[in-house]
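Here's the structure, in structure tokens; my notes come after.
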There are 2 protein chains.
Amino acid sequence: MASRRQEVLTAALDLLEEVGIDDLTVRRLAQRLGVQPGALYRHYPSKRALLDAMVGHIVAGAPAPAVPAGDWAGHLRAMAASGREGMLAHRDGARLLATFYDPGPDAVASFMRIVEVLRAAGAAERAAVVATDTVLAYVNGFTMEEQARRAATPRPERDRDFQAGLDLIIAGIGATLPPAP
Amino acid sequence: MASRRQEVLTAALDLLEEVGIDDLTVRRLAQRLGVQPGALYRHYPSKRALLDAMVGHIVAGAPAPAVPAGDWAGHLRAMAASGREGMLAHRDGARLLATFYDPGPDAVASFMRIVEVLRAAGAAERAAVVATDTVLAYVNGFTMEEQARRAATPRPERDRDFQAGLDLIIAGIGATLPPAP
DNA sequence: ACCTGAACACCGTTCAAGT
DNA sequence: ACCTGAACACCGTTCAAGT
């Protein structure tokens, strides 16, 4: 069922967990698959292409949960949480995303969905884009730093701090919106 | 006057500008200095140490400008602007910082200064730390993405968007502070 | 369709030896 | 103090040839 291409990708994701991105090597991956290094180029045209596929798998694996239609803050929180979760779920996930993430049509679509939700709440087009971009930048910056440090602080504290910063941004966005009916 | 160690560092920073971080190689650097690769290890114990020194030079080169004592928002803006500026001033600056930045005593001190300014404005200790961390995460996340895209949008627009997002966060922080006398 | 064998042009790092 | 020469253990990638 699983194509050889799939198996290579899965092995690469496993290897990432074991050795981290710096030691994720074409040759090591080949060894783990019991194959010569050059053989992998049948399945992916370059290491870069493999890393792109890994990133695609990571972002696809963190779908935003359903949120009530009118709840713009809930949408923002859901996007933020699923973005952070997707990165934290994999060793060096944030660095991998930051270095190799090229937003595909799905990412653009989910970005636009958030913008629409904010527009529906009364935000002007530009304000909605700025707000969405700001939350995104915060999520990436926070998670990057969080994962770079060697987990000095326990997870519940980090969750609390993440939420606190996000609430600050959401409060700022809320102040620019017309009051709810 | 300039030590050899300094000259190596300067050459490395020049090379970064020319070829980018991915092609910044010990061997290329040696060639540029007219020297054998191994010779560089007299001056820096490892490539990693060299990169750390480059990061130190970049962060030191972006000092925050003076700001009126009571102006907490001005302090936040100054920190944000100088952080972004320092990264944008060098090719791959954001990626370099994100990957090799280990905050030294200077960075901690300037972080604490901002926290103090917020405390003086009436913020509780934790709220002040959260606010400072949030701005920092935003700056890093925004600049990272800004530099990753191949400068599709012109600089003035990017400045405007950066400011707009920052203002959102500052508005959120302001809402948690007691009103100014 | 998938892999081997073998090469090519590179890496970072070490270390005796030279001046 | 600084550098050479030479090696070591690696990289990513290509490609004819095999099954």
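To find a chain, count down the sequence lines: A is the first, B the second, and so on, and within it residues start at 1. What you are looking at is a predicted structure, and each value in this text was computed from that prediction instead of being measured.
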Find out whether B:His43 and B:Arg4 are in side-chain contact, i.e. whether some heavy atom of one side chain is under 4.5 Å from a heavy atom of the other.
yes
Report the distance from atom [atom1] of [X] to atom [atom2] of [N], rounded to the nearest whole Å.
X: B:Leu40; N: C:dG12; atom1: CG; atom2: P; answer: 10 Å
X: B:Asp22; N: C:dC11; atom1: CG; atom2: C1'; answer: 13 Å
X: B:Arg42; N: D:dT4; atom1: CZ; atom2: C1'; answer: 11 Å
X: B:Leu29; N: C:dG12; atom1: CG; atom2: P; answer: 10 Å
X: A:Gln31; N: D:dG12; atom1: CD; atom2: P; answer: 13 Å
X: B:Arg27; N: D:dC11; atom1: CZ; atom2: P; answer: 15 Å
X: A:Ile21; N: D:dG12; atom1: CD1; atom2: P; answer: 11 Å
X: B:Asp23; N: D:dG12; atom1: CG; atom2: P; answer: 15 Å

Output yes when at least one side-chain N/O atom of [X] is less than 4.0 Å from OP1 or OP2 of [N], else no.
X: A:Thr25; N: D:dG12; answer: yes
X: A:His43; N: C:dA1; answer: no
X: B:Arg5; N: D:dA1; answer: no
X: B:Tyr41; N: C:dT13; answer: yes

Name the orientation class of the two ring planes belonging to B:His90 and B:His57 (parallel below 30°, tilted from 30 to 60°, perpendicular beyond 60°).
perpendicular
Test: B:Asp161 and A:Arg126 ion pair at under 4.0 Å
yes
Using a strict threshold of under 4.0 Å (side-chain N to carboxylate O), is an ion pair present between A:Glu85 and A:Arg77?
no
Going by purine N1 to pyrimidine N3 plus the second Watson-Crick contact, or the G-U wobble pair, all under 3.5 Å, which nucleotide sits opposite C:dC8?
D:dG12
Return the nucleotide paired to D:dC2: Watson-Crick means purine N1 to pyrimidine N3 with N6-O4 or O6-N4, wobble means G-U with N1-O2 and O6-N3, both under 3.5 Å.
C:dG18
Starting at the 5' end of DNA chain D, which residue's closest nucleotide do you reach first, A:Lys47 or B:Pro37?
B:Pro37
Along DNA chain D (nearest heavy atom to each residue), the more 5'-positioned of B:Gln36 and A:Leu24:
B:Gln36
Smallest separation among heavy atoms of B:Ile173 and B:Ala131, with atom names
CD1-CB, 3.6 Å
